Amino acid sequence: MASATAKQPAKTAGKAASGGSGGAAGGAPAMPLASPLMGGLNKKKKPFLGMAAPLGYVPGLGRGATGFTTRSDIGPARDANDPVDDRHAPPGKRTVGDQMKKNQEEDEEDLNDTNYDEFNGYAGSLFSSGPYEKDDEEADAIYAALDKRMDERRKERRELREKEEIEKYRMERPKIQQQFSDLKRKLAEVTEDEWLSIPEVGDARNKRQRNPRHEKLTPVPDSFFAKHLQTGENHTSVDPLQGVSNIPSPLTSTPFPGGLNTPYPGGMTPEAGELDMRKIGQARNTLMDMRLSQVSDSVSGQTVVDPKGYLTDLNSMIPTHGGDISDIKKARLLLKSVRETNPHHPPAWIASARLEEVTGKLQVARNLIMKGTEMCPKSEDVWLEAARLQPGDTAKAVVAQAVRHLPQSVRIYIRAAELETDIRAKKRVLRKALENVSKSVRLWKIAVELEEPEDARIMLSRAVECCPTSVELWLALARLETYENARRVLNKARENIPTDRHIWITAAKLEEANGNTQMVEKIIDRAITSLRANGVEINREQWIQDAEECDKAGSVATCQAVIRAVIGIGIEEEDCKHTWMEDADSCVAHGALECARAIYAHALQVFPSKKSVWLRAAYFEKNHGTRESLEALLQRAVAHCPKAEVLWLMGAKSKWLAGDVPAARSILALAFQANPNSEEIWLAAVKLESENNEYERARRLLAKARSSAPTARVFMKSVRLEWVLGNIDAAHELCTEALKHYEDFPKLWMMRGQIEEQSENIDKAREAYNQGLKKCPHSMSLWLLLSRLEERVGQLTRARAILEKARLKNPQTPEIWLESVRLEYRAGLKNISNTLMAKALQECPNSGILWAEAVFLEARPQRKTKSVDALKKCEHDPHVLLAVAKLFWSERKITKAREWFLRTVKIEPDLGDAWAFFYKFELQHGTEEQQQEVKKRCENAEPRHGELWCAESKHVLNWQKNIGEILVLVASKIKNTF
């Protein structure tokens, strides 16, 4: 502590000066300070007071007051087992004793023989316990530099030697990877079929691990406990914690050694070891009897236990395989009590028998249920359960006995017929049953099903006499009778059951089947009148369902008559059109096309001037009818709606597709008269002539159209006609003339630029696109054409700048972003394309074309995750659905890919790219029928959009190709690069 106190000389000097015993130099007593009370003594102060202590001064050194340590210096005394202050100390350093032992081991030098070497001596540093001073550090640095210098001189030779040793070692003991390198190279020759035929790795665990055995628990019998209770009366054992012998006394409740707090069984009774298990079981049974007797009524003797609840309770109590045996005993005891309390309660006997059946005691179950038949002879359920549990011949005897007790039970007769294996025996049983229970429709139906048609007709004649209110029997008889007899049967049926609509509908179907169609309408009308007179409410939905059934059965006239009779019932006038259109769509969805046709016919009678109804009917005939029915409908349509251009065009197109060009021309001529100067009709006439190679007539028509009805589309068609025919100069002149009148029509600028591109006039094409963009800055196609033109001539930087300018003028435009991403990707800058895609998705988060492209920009392992994100953002976007289908295709998941292709073309049939990919997929993985089906559906859908589709369909060389040819052409240009 002397050194510690020397660090604070000012404080210690003050203490020594005021202590009165410790002097500055020799320990002389300090002089008291002068004060006025001492008679004005004026003595000088000591020179060292208030000054700093000299160097090396130690307070108390002169009087020997140094070298001692107080408790305040080292802290309180601590035991060796006390924990240290560090709460997270490692094992071996968590107590004070561990710390002291560790310090002692570090101080002691290891002088063991195992630590001695003849040359080096004892291991370790000789001066490890000494202080590490600055000169030691300098010496170590010099030695380290020398070692490093010597090591560098030998480094190259040493590394060469180590490399040779490693190579020699690898030659002697090659890695597994090197051993199989030749086989790895041969993997490139493995075909796809060989790869797929490699078997999967099985379960490599041993048999015991694959099939772990269930733990078996054997219940210990009561005798085991009783025996060991007697032998284990006295125990002498030493408690390892207490170190003394504890001998329990029978008269005390002293705990057993080892920390058992529960007294030993019998420890509280004078006679240790006497535990009668038999008496405990009897007491348990007595307690159960008491509880059961508490729920019974002692006054009337009738049970108040819920009889229906026994079966449901038993279902929860009956154990499955491996159930607890005690639950079965409880259930058995409970049911026994129920049987004894009320022996005439059938569910108790049935439940008891089923309990024994489940537990495997089939004979006991049979005995119980037979006793139940004695106690409950009038219960159908008990007899049927007895017949079920008994074997074949015995079951027949049981059923015969049941019939004697219950001669009117239909279920027992049906069970008796089921037990018979011979058809004649079944018939005999059922006829006997019908003698006793002639009013049972169920018995009659089963009996009739077993007979031949002639015998069935005779039996049904008797059945309708016994059961005159059964509609099914009347209708079955009518179906078996001749036409005249069937009419009489149905008339009798209407007299007996005047409130059933099925008899009237069957009568109408009967008349239609025999060619008497004029009676069908009358019968249905009389049916509505009669049913209303008898108080029957006419349910419109039920009648429409009956009409759909008639349609599916082939009764077209009946179906149409029912529709006409009930279609307007219960509908407000303003809701008629909307409701009928929904009914027609519903019938089409259910496959009842004649019902839908009848609904459209009725709607057209009520709304003859509604263009939308005529259009719906025309599209229905186009999709589900014949060409003749469509043309007949369109002729009526244009007569009622002559101003509806689309109806005229549909009629002309139908004639043209059938090859009747003169008829199509005449329809268009009539359309001109009804709609003079109509752009649509002019262009349809031009298309008709150009498709049939009448180019001069098409030119004359376009010239007339330009003079009488000049529009931008008319000029565009004129330019295109000259372009596809190879008259580039005429097309250029027409385009220039058109742009004077319609300079804000972007398609004209596009055509002008493309014509210049075709003529290899790059500068003029660029100028055309730039002029077009000045007039139409929001035309995406113009921006894309200009960018691709610059890219084609190698001006990548200019193309990039054009797209950036397009994005500034048209923010949140997915098409421009997509082209920017693809531009960078085609240039080989994949990192930049990924960055642009991320920005694009931030600006257009719900763009399907961007998400579809983003899926295939990812590496293969991340594509699936990206597709999930795309579906979350754009669940019903056709481009995303198409991307998912292509993803499954790339993973060889053929069935899933086909499902997603079907989903895509269903949600957007106008997307030509989807049809092209679908057709390409079927060409590789489908059958001939599937390929033709896709092609046919595509031709019916007539797609007009899609990037790949438009590139081929609008090409000047493909202008006369039909939909099927374009589909094949686009599919052939698709490469499976994904």
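One is the number of the first residue; the rest follow in order along the sequence. The figures that follow rest on heavy atoms only: side chains count, while hydrogens, waters and symmetry mates do not. Because the structure is a prediction, the values reported are computed rather than measured.
Note that NZ of Lys936 and CD of Glu929 are 13.0 Å apart. Values are rounded to the nearest 0.5 Å. In this structure, Cys559 SG and Arg564 CZ are separated by 9.0 Å, a value rounded to the nearest 0.5 Å. The distance from the CG atom of Leu823 to the CG atom of Leu829 is 8.5 Å, given to the nearest 0.5 Å. For the atom pair CD1 (Ile802) and CG (Leu789), the distance works out to 8.0 Å, reported to the nearest 0.5 Å. Atom-to-atom distance recorded for Tyr769:OH and Ser779:OG is 11.0 Å, nearest 0.5 angstrom. Interatomic distance, Glu631 CD to Ile667 CD1, rounded to the nearest 0.5 Å: 7.0 Å.
Contact check on Arg792 versus Glu757 returns a salt bridge, with a Lys/Arg side-chain nitrogen under 4.0 Å from an Asp/Glu carboxylate oxygen. At a threshold of 4.0 Å, the pair Arg597-Glu594 counts as salt-bridged, since one of the basic side-chain nitrogens sits closer than that to a carboxylate oxygen.
For Ser197, there are no side chain to side chain donor-acceptor pair (under 3.5 Å) partners at least two apart in sequence or on another chain. Residues passing the ring pair (Phe, Tyr, Trp, His ring centres under 6.0 Å) test with Trp614, sequence neighbours excluded: His640. In terms of the ring pair (Phe, Tyr, Trp, His ring centres under 6.0 Å) criterion, residue partners of Phe620 (sequence neighbours excluded) are, by chain and number, Tyr600, His624. Remark: Gln924 pairs with Trp889, Lys920, Asn976 by the side chain to side chain contact (heavy atoms under 4.5 Å, CB included) rule, at least two apart or across chains. With sequence neighbours left out, the salt bridge (Lys or Arg N to Asp or Glu O under 4.0 Å) criterion links Glu192 to Arg892. For Lys747, the side chain to side chain contact (heavy atoms under 4.5 Å, CB included) test picks out Met716, Phe745, Met750, with sequence neighbours left out. In terms of the side chain to side chain donor-acceptor pair (under 3.5 Å) criterion, Asn940 has no residue partners (sequence neighbours excluded). Applying the side chain to side chain donor-acceptor pair (under 3.5 Å) test to Arg713 and every residue at least two apart in sequence or in another chain returns Glu679, Glu680. Annotation: side chain to side chain donor-acceptor pair (under 3.5 Å) contacts of Glu875 (sequence neighbours excluded): none.
No donor-acceptor pair closer than 3.5 Å links the side chain of Trp783 to the backbone N or O of Leu803. With hydrogens and angles disregarded, a donor-acceptor distance shorter than 3.5 Å links the side chain of Thr506 to the backbone of His502. Between the side chain of His955 and the backbone N or O of Leu957, at least one donor-acceptor pair lies under 3.5 Å. A donor-acceptor contact shorter than 3.5 Å links the side chain of Asn834 to the backbone of Lys830. Formation of a donor-acceptor pair under 3.5 Å by the Asn958 side chain with backbone atoms of Ser953 is not found in this model. When atom types are taken as modelled, the side chain of Asp575 and the backbone of Ile571 share no donor-acceptor pair closer than 3.5 angstrom. Using a distance-only test at 3.5 Å, with no hydrogens or angles considered, a donor-acceptor pair links the side chain of Ser972 to the main chain of Leu969. In this structure, the side chain of Trp580 engages the main chain of Ile567 through a donor-acceptor pair within 3.5 Å. When atom types are taken as modelled, the side chain of Glu891 and the backbone of Phe888 share no donor-acceptor pair closer than 3.5 angstrom. A donor-acceptor contact shorter than 3.5 Å links the side chain of Gln930 to the backbone of Thr927.
For CD of Glu572, the number of neighbouring non-hydrogen atoms (other residues, nucleotides, ligands) closer than 6.0 Å is 12 at most. Counting non-hydrogen atoms of neighbouring residues, nucleotides and ligands closer than 6.0 angstrom, the CD atom of Glu804 reaches no more than 12 such neighbours. The environment of CZ in Arg627 is crowded: more than 12 heavy-atom neighbours from other residues, nucleotides or ligands sit within 6.0 Å. At most 12 heavy atoms of other shown residues, nucleotides or ligands fall within 6.0 angstrom of atom NE2 in His945.
Sorted by first and then second residue, the salt bridge (charged side-chain N to carboxylate O under 4.0 Å, His left out) pairs involving residues 806-828 (not counting sequence neighbours) are Arg788-Glu819, Glu791-Arg826, Arg800-Glu824, Glu819-Arg826, Arg822-Glu853, Arg822-Glu947.
Contact between Met650 and Leu615 at its shortest, heavy atoms only, is SD-CD2, 4.0 Å. Shown here for Ile569 and Ala565, the closest heavy-atom pair between the two residues is CD1-O, 3.7 Å. Across Trp851 and Cys874, no two heavy atoms sit closer than the pair CD1-SG, 3.6 Å. When every heavy atom of Val821 is checked against every heavy atom of Ser833, the shortest pair comes out as O-CB, 3.6 Å. Heavy-atom minimum distance, Val880 versus Gly848: CG2-O, 3.6 Å.
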Let me see the working for Trp949 and Leu967 under side chain to side chain contact (heavy atoms under 4.5 Å, CB included), right down to the final yes or no.
-> CA-CA 8 Å; Trp949 185 268; Leu967 176 68; 4.1 Å; yes
CA sep, side-chain torsions, deciding dist, call: Gln932, Glu928, side chain to side chain donor-acceptor pair (under 3.5 Å) | CA-CA 6 Å; Gln932 294 303 320; Glu928 183 71 26; 3.2 Å; yes
Step by step, work out the salt bridge (charged side-chain N to carboxylate O under 4.0 Å, His left out) result for Lys653 and Glu942.
-> CA-CA 13 Å; Lys653 186 175 182 180; Glu942 297 183 0; 3.0 Å; yes
Side chains of residues 836-847: which donor-acceptor partners sit under 3.5 Å, not counting sequence neighbours?
from	atom 1	to	atom 2	distance (Å)
Glu843	OE1	Trp817	NE1	3.4
Glu843	OE2	Gln812	N	2.7

If you look only at distance, which donor and acceptor atoms sit under 3.5 Å apart when one is on a side chain in residues 898-905 and the other is two or more places apart or in another chain?
from	atom 1	to	atom 2	distance (Å)
Arg898	NE	Glu922	OE2	2.9
Arg898	NH2	Glu922	OE1	3.2
Thr904	OG1	Trp900	O	2.7

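Annotation: cation-pi pair Lys577/Phe607 absent, no NZ/CZ under 6.0 Å from the ring centroid and within 45° of its normal.
Residues Gln754 and Gln758 have side chains that never bring a donor and an acceptor to within less than 3.5 angstrom of each other.
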